[in-house]
Amino acid sequence: MTENRRALALNTLFGFVIAAAVVAIEYSYGYTVLRLLSDGFFVSTVMLLGMGGLAAARNAGMFDIMGFSVRSFIGIVIPGSRIGDPHDRETLLEYKERKAENRKSPKPMLQAGLIHGLIMVVVLVIYTLAE
């Protein structure tokens, strides 16, 4: 199994765990099974797509300036700290390049979110027609 397929399977499983947790929490309210499933898959869809979107923003470098600033600030405020040591003189460009080497694609998480979204829409349509 390739790395992307394994990540997709894990993210999809994570979504099912979230959906099951929502169903378990709302079970005592007396809702119908279709509503419980719709709510569970809605929450898992929002969480997976939200985390995937944040990962995509991180991969684009949206949060690099904040990480660099905190690292530099800690190095200035706490002398002798290993975090943000001002003596290493790493520039923002070097920091961004170093961080870019370790980033993973958010594609599997976004795909898992879309899978859960499709399941949610199907369950919601069935729930709406059954009412």
Side-chain angles (χ1 to χ4, degrees):
M1 187 181 301
T2 66
E3 184 68 30
N4 282 340
R5 285 185 185 242
R6 186 174 342 142
L8 176 61
L10 287 174
N11 286 317
T12 304
L13 180 64
F14 177 64
F16 281 119
V17 169
I18 292 170
V22 171
V23 168
I25 290 169
E26 290 188 346
Y27 183 76
S28 63
Y29 297 147
Y31 297 140
T32 63
V33 174
L34 289 173
R35 177 172 174 173
L36 292 172
L37 290 174
S38 177
D39 289 350
F41 283 112
F42 173 77
V43 172
S44 65
T45 299
V46 169
M47 288 188 69
L48 287 168
L49 290 178
M51 290 186 305
L54 285 174
R58 180 201 62 214
N59 284 354
M62 299 296 288
F63 305 119
D64 285 347
I65 189 70
M66 288 185 280
F68 183 76
S69 300
V70 168
R71 185 173 177 264
S72 299
F73 180 74
I74 290 173
I76 292 169
V77 173
I78 305 171
S81 68
R82 298 284 302 161
I83 300 175
D85 188 6
H87 301 301
D88 65 4
R89 306 281 187 222
E90 184 178 42
T91 65
L92 178 61
L93 183 60
E94 292 167 344
Y95 178 82
K96 289 180 92 161
E97 289 172 352
R98 182 172 55 86
K99 288 293 188 178
E101 294 172 359
N102 300 328
R103 294 192 173 137
K104 296 179 182 173
S105 174
K107 187 177 177 183
M109 189 173 291
L110 293 171
Q111 288 173 338
L114 291 175
I115 290 169
H116 282 267
L118 289 174
I119 294 170
M120 182 230 6
V121 168
V122 169
V123 172
L124 182 63
V125 167
I126 294 171
Y127 172 71
T128 305
L129 293 176
E131 283 286 312

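When a residue number appears, it is its place in the shown sequence, counting from 1. Atoms considered below: every heavy atom in the structure, side chains included; atoms not considered: hydrogens, waters and symmetry mates.
- Residue Phe63 places its CZ atom among more than 12 non-hydrogen atoms of other residues, nucleotides or ligands, all under 6.0 Å distant.
- Checking side-chain atoms of Glu97 against main-chain N and O of Glu94 turns up no donor-acceptor pair under 3.5 Å.
- Between atom CG of residue Leu49 and atom CG of residue Leu114 there is a gap of 5.5 Å, rounded to the nearest 0.5 Å.
- The distance from the CG atom of Asn11 to the CE atom of Met51 is 7.0 Å, given to the nearest 0.5 Å.
- Hydrophobic clustering (ILVMFWY, side-chain heavy atoms < 4.5 Å, transitive): Leu34 and Leu36 are in one cluster.
- A 6.0 Å sphere centred on OH of Tyr95 holds more than 12 heavy atoms belonging to other residues, nucleotides or ligands.
- Proximity of Arg6 to Thr2: side-chain heavy atoms (C-beta onward) are nowhere separated by under 4.5 Å.
- We find the OG1-CZ distance between Thr12 and Arg5 to be 12.0 Å, quoted to the nearest 0.5 Å.
- Hydrophobic clustering (ILVMFWY, side-chain heavy atoms < 4.5 Å, transitive): Tyr27 and Val33 are in one cluster.
- A ring pair (Phe, Tyr, Trp, His ring centres under 6.0 Å) check over residues 29-51, counting only residues at least two apart or in different chains, returns the pairs Phe16-Phe41, Tyr29-Tyr31, Phe41-His116.
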All N/O donor-acceptor pairs, side-chain side in residues 120-131, below 3.5 Å, sequence neighbours left out:
from, atom 1, to, atom 2, distance (Å)
Thr128, OG1, Leu124, O, 2.8

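- Contact check for Val23 versus Asp39: no side-chain heavy atoms found under the 4.5 Å cut-off.
- Phe14 is connected to Met109 through a chain of hydrophobic side-chain contacts under 4.5 Å among Ile, Leu, Val, Met, Phe, Trp and Tyr, so both are in one cluster.
- There is a path of hydrophobic side-chain contacts, each under 4.5 Å, that joins Leu37 to Ile119.
- Closest heavy-atom contact between Ser105 and Asn59: CA-ND2, 4.0 Å.
- Between Leu8 and Ile115, the closest heavy-atom pair is CD1-CD1, 4.2 Å.
- Legend: salt bridge (charged side-chain N to carboxylate O under 4.0 Å, His left out) pairs involving residues 101-111, not counting sequence neighbours, sorted by first then second residue: Asp64-Arg103.
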